[in-house]
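Okay, structure first, notes after.
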Protein chains: 2
Amino acid sequence: MKSARRSSDCRRSSCPIANALDLLGDRWTLLIVRDLVFRGFREFGQFLAGGERIATNILAERLDRLRCAGLAVRCDHPVDGKRYRYYLTEKGIDLIPVLVQLSLWGAKYTPDHAAPEKVLREMRADPDRVVAGLRASLLKELGVVRKS
Amino acid sequence: MKSARRSSDCRRSSCPIANALDLLGDRWTLLIVRDLVFRGFREFGQFLAGGERIATNILAERLDRLRCAGLAVRCDHPVDGKRYRYYLTEKGIDLIPVLVQLSLWGAKYTPDHAAPEKVLREMRADPDRVVAGLRASLLKELGVVRKS
DNA sequence: CCGGATCCGTTTCGATACTG
DNA sequence: CAGTATCGAAACGGATCCGG
């Protein structure tokens, strides 16, 4: 675990967006958060097989980063014992509005994407409601996990 | 101008977020868009001096990328003749909701940032109104520029 | 001077192989 | 299964050069 903070100390951030981008401004981090939010992925292997061909070392480092930054927590697998599960914290859950807006933008401007049109319609119609729904479900799950 | 698309062809994106991140998932692109939206920067030199120490080659490449992707346009300077000005297109302007949500998240979780508290309060209270205001002003500016 | 383009040393990424 | 080790490739960053 010698990774942690290498890139975040070089820019004397002066605005909330720059601060956020210090953590999220790379090709993979937000994609992992997306998988945690929309696809319900929780385990290393799921992210690996998640379609986007992330390398194992990159995935490990990003998961580590997310934990160091307090966006995610790692828990032992309830039965397996040799695997872990990753859950978003409140801080990570609070990124859902960003993901929703990013989805809407991406859906508007990139013709080919395999996103369920139903969810997109809901997002367009009432983004706050979609955010609230996802947030509630993830918070509930987090509450259960934390007690264990 | 041989740059253009080098990184975007490697990932067979399957969701709007991945598509969006293909363009925006790096350390600088969204920062430049932020400067176009919130700081009113329009010229190369402004971005360079904008505080974050971006290198000239990186800046040039990112501005080029934004133009190739249709997020920005480059116009001649009205009086100087040897400088340019960059403006967001509608596609770029549509990123404002993302920036606003990113601002709110960053402001919530990073204590030290030099963002005007007034705007943050407005964003928290009524993000849609803030988005609409910024959008209207940028669209108007774009309209004027396009006629010239 | 302004807006880049080019060169080059350094850092980070990413694919594969390997380990507990 | 969940990572680490390695190593080549790409990106970054600084400096410098160039055309207008």
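Proteins get letters first, then strands, A, B, ... in listed order; numbering begins at 1 in each.
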Using whole Å, report how far CZ of B/Arg74 lies from P of C/dC2.
-> 17 Å
Atom-to-atom span, CZ of A/Arg67 to C1' of D/dG3 - whole angstrom | 11 Å
For the pair made of CG in B/Asp80 and C1' in C/dC1, what is the distance, rounded to whole Å?
-> 9 Å
Where the side chain of B/Ala60 is defined as all heavy atoms beyond and including C-beta, which of C/dC13, D/dT4, C/dA5 is the nearest nucleotide?
-> C/dA5
Could you check how far CG of B/Asp76 sits from P of C/dC2, rounded to whole Å?
-> 17 Å
Nearest-angstrom distance from the residue atom CZ of B/Arg85 to P of C/dC2 | 14 Å
Atom-to-atom span, CZ of A/Arg27 to P of C/dG14 - whole angstrom | 7 Å
Set of ring-ring contact (aromatic ring centres under 6.0 Å, His included) partners for B/Tyr109, sequence neighbours left out | B/Trp105
Set of salt bridge (Lys or Arg N to Asp or Glu O under 4.0 Å) partners for A/Asp80, sequence neighbours left out = A/Arg83
Nearest of C/dG3, C/dC13, D/dA11 to any side-chain atom of B/Arg62?
-> D/dA11
Reading nucleotides 15-20 of chain C from 5' to 3' and marking B where a protein heavy atom lies under 4.0 Å of the base, S where only the sugar-phosphate is that close, and - otherwise, the string is BBB---
Between CG on residue A/Leu71 and CG on residue A/Leu66, distance to nearest 0.5 Å = 5.5 Å
Partners meeting side chain to side chain contact (heavy atoms under 4.5 Å, CB included) with B/Ser137 (sequence neighbours left out) = none
Using distance only, find each side-chain donor-acceptor pair of residues 118-131 of chain B under 3.5 Å and give its atom names and separation, not counting sequence neighbours.
{"unit_1": "B/Lys118", "atom_1": "NZ", "unit_2": "B/Glu122", "atom_2": "OE2", "d": "3.4"}
{"unit_1": "B/Arg124", "atom_1": "NH2", "unit_2": "B/Glu117", "atom_2": "OE2", "d": "2.6"}
{"unit_1": "B/Asp126", "atom_1": "OD1", "unit_2": "B/Arg129", "atom_2": "N", "d": "3.3"}

Sequence neighbours excluded, the answer for side chain to side chain donor-acceptor pair (under 3.5 Å) partners of A/Glu141 is A/Arg42
In whole angstrom, what separates A/Asp26's CG from D/dC12's P?
-> 11 Å
In whole angstrom, give the distance that lies between atom CZ of A/Phe44 and atom C1' of D/dA2.
-> 6 Å
So what does B/Tyr84 touch, heavy atoms closer than 4.0 Å: a base, only the sugar-phosphate, or nothing?
-> sugar-phosphate
Is the OH atom of B/Tyr84 crowded by more than 12 outside heavy atoms at less than 6.0 Å?
-> no
